[in-house]
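Only one structure is covered here, and it is reproduced in the block below.
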Amino acid sequence: MVLRERNRSMLCAGKFCNFTGSDNAENVLLSGQPPAFDYWSDFMVRIVVFAVLTLLKQRVNTSRLSLLQKAQKSAMHADGSPSTSSWEGGEVYHTMVRSGDFCQNTTYDHCFVVPGVIWCSHLSISLFS
Amino acid sequence: MLISKLLLLPCAAVAASAPLLLTEYIEKGDLAGARKDSQIVGLKVGTSSKPANMGAAGFYSVPSEKGDRINNLYTWLHPCSDCNSTDPNTPLIVWLQGGPGAPGNFGSFAEIGNYYVDEDLHLQERCYTWCASANCLFIDQPTMTGFSFQSYENGTAISNPDDVEYTSTSPFALEQVYRVLVQVLTIFPEHKHSPLYIAGESYGGVYTGNFGLVIYNHNQELEREGSEHAKPEVGAVPTKMPINFVGLAVGDPVLNGIVQWPTYPDTLYGMGLIMLDEREKLRTIFSNGVDALKKWEAGTGDCWTAFSYWNSVFEDDSGGGLPGNTVFADIT
């Protein structure tokens, strides 16, 4: 942990780290995910940890139940859903492939909707000619 | 055993809590209640006592693609941090995460929102954010993405994934997003006339254009029909309203595989990530993929074949994590 913290302080001076929260730019360049990308999903499911603590503490002090109400997932009003998918893929993805949506050329949708300027990070304007 | 029992009990308690279905408030005409109950309160910045200005969130219900189920789409209206969020001139950005299947929450917390989550799982203010001068709307879509879920017509949530009617195309998905947007603007009418920008990344490149078309077409319909449809009866859930759609932006978008796929080998080679022989290997794979796309376009092939070439390189359908056993992992 000490080493990790030291590395962070050494490498986290730039905009990349400030923007992403990640100090592993080389992995990002290789399309790996910075660790910060995982923290949000942990944040949103932390309610389970809180709930366990609450349950244990409830035996001693029932006022601790308020901990549960303060849990992030509850605060974000994301409770009650049977779906907790954090990442792309799975059946949501495959359904779009089977329908052919994945293979569509949507270039002209953009041209039709936005006759003015469109900015794309990877594509040249020749795509739209 | 004791630990697993302790874990199961709170999990059951969590699952039993009811989702905040904001559409029901609209049906009852209780817009003030929807605004109040959807506010995100109690979250702090870091370990300080400074409250995080998170906005409002909840589930908006729309018909499924075939119309016999209800999709409850988790939606988060994130107020600007450095402007007057209720000023009608403040832009509203609708952010469409890619995937398919990547939740809007990810875009907010990991990319463009006013807060990110640090390794100690505390909220921290992001220095560079899109939502400083614009209000942002994040939607977990299509259904079963993120916290969004499907229910039967009687309201019972579908917990068996095999029983879910997944959304098959972007036009259907974005029609549902449009209905969510209309409901959001019904509950928060201060944003009704805000300049609206659609933005997305990756597969969001497919979504953004489709969403623009949906809005454009509905605006045209409303113009033809007059303004009656923009004023539904009290308690009715509106399905259309004029949208002040002014712009669209995409980053690293999926737009046209026939044009885009052949650029990967040279891009990766130019970045110094692969060798010449590996570039040739990728050229062959993507050339085969493009041939498959062209066959699909001509009606003589299936989309899955084209996808399989793409997926053999990136294993894109398993969480975007390049977990190995991919061509990309082998050569880098």
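Below, chains carry the letters A, B, ... as their sequence lines are ordered, and counting in each starts from 1.
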I need the residue from [options] with the largest number of non-hydrogen atom pairs under 4.5 Å to chain A.
{"options": "B:V164, B:T143, B:T145", "result": "B:T145"}
{"options": "B:E201, B:Q39, B:Q124", "result": "B:Q39"}
{"options": "B:S151, B:A57, B:A157", "result": "B:A57"}
{"options": "B:D140, B:D118, B:T267", "result": "B:D118"}
{"options": "B:L123, B:L21, B:L268", "result": "B:L123"}

Closest heavy-atom pair and its distance - [X], [Y]:
{"X": "B:F147", "Y": "A:S81", "answer": "O-OG, 2.5 Å"}
{"X": "B:F59", "Y": "A:D79", "answer": "CE1-O, 3.7 Å"}
{"X": "B:V41", "Y": "A:A75", "answer": "O-CB, 3.6 Å"}
{"X": "A:M96", "Y": "B:P142", "answer": "CE-CG, 3.7 Å"}
{"X": "B:P171", "Y": "A:D101", "answer": "CD-OD1, 3.7 Å"}

Under 4.5 Å from any heavy atom of chain A, what part of [X] do you find: side chain, backbone, both or neither?
{"X": "B:M54", "answer": "side chain"}
{"X": "B:S159", "answer": "both"}
{"X": "B:I215", "answer": "neither"}
{"X": "B:D302", "answer": "neither"}
{"X": "B:A173", "answer": "side chain"}
{"X": "B:F307", "answer": "both"}
{"X": "B:E297", "answer": "side chain"}

message: Strictly distance-based, threshold 3.5 Å: is any side-chain N or O of A:H77 a donor or acceptor partner for the main-chain N or O of B:W76?
response: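 Side chain of A:H77 to backbone of B:W76, a donor-acceptor pair under 3.5 Å: no, none is there.
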message: Using a 3.5 Å distance criterion without hydrogens, assess whether the side chain of B:Y166 forms a donor-acceptor pair with backbone atoms of A:Y93.
response: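 A pair under 3.5 Å: no.
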Report the distance from atom [atom1] of [X] to atom [atom2] of [Y], rounding to the nearest 0.5 Å.
{"X": "B:I258", "Y": "A:C103", "atom1": "CD1", "atom2": "SG", "answer": "9.0 Å"}
{"X": "A:M76", "Y": "B:S38", "atom1": "CE", "atom2": "OG", "answer": "11.5 Å"}
{"X": "A:E91", "Y": "B:D162", "atom1": "CD", "atom2": "CG", "answer": "8.5 Å"}
{"X": "B:L43", "Y": "A:F43", "atom1": "CG", "atom2": "CZ", "answer": "5.0 Å"}
{"X": "B:N256", "Y": "A:Q104", "atom1": "CG", "atom2": "CD", "answer": "10.5 Å"}

task: Show the numbers, then the answer: is there a side-chain contact (heavy atoms from CB on, under 4.5 Å) between B:W304 and A:H94?
output: CA-CA 9 Å; B:W304 193 273; A:H94 291 158; 3.6 Å; yes
task: If the plane angle is over 60° it's perpendicular, under 30° parallel, otherwise tilted; pick one for B:W261 and A:F102.
output: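 Plane angle between 30° and 60°, so tilted.
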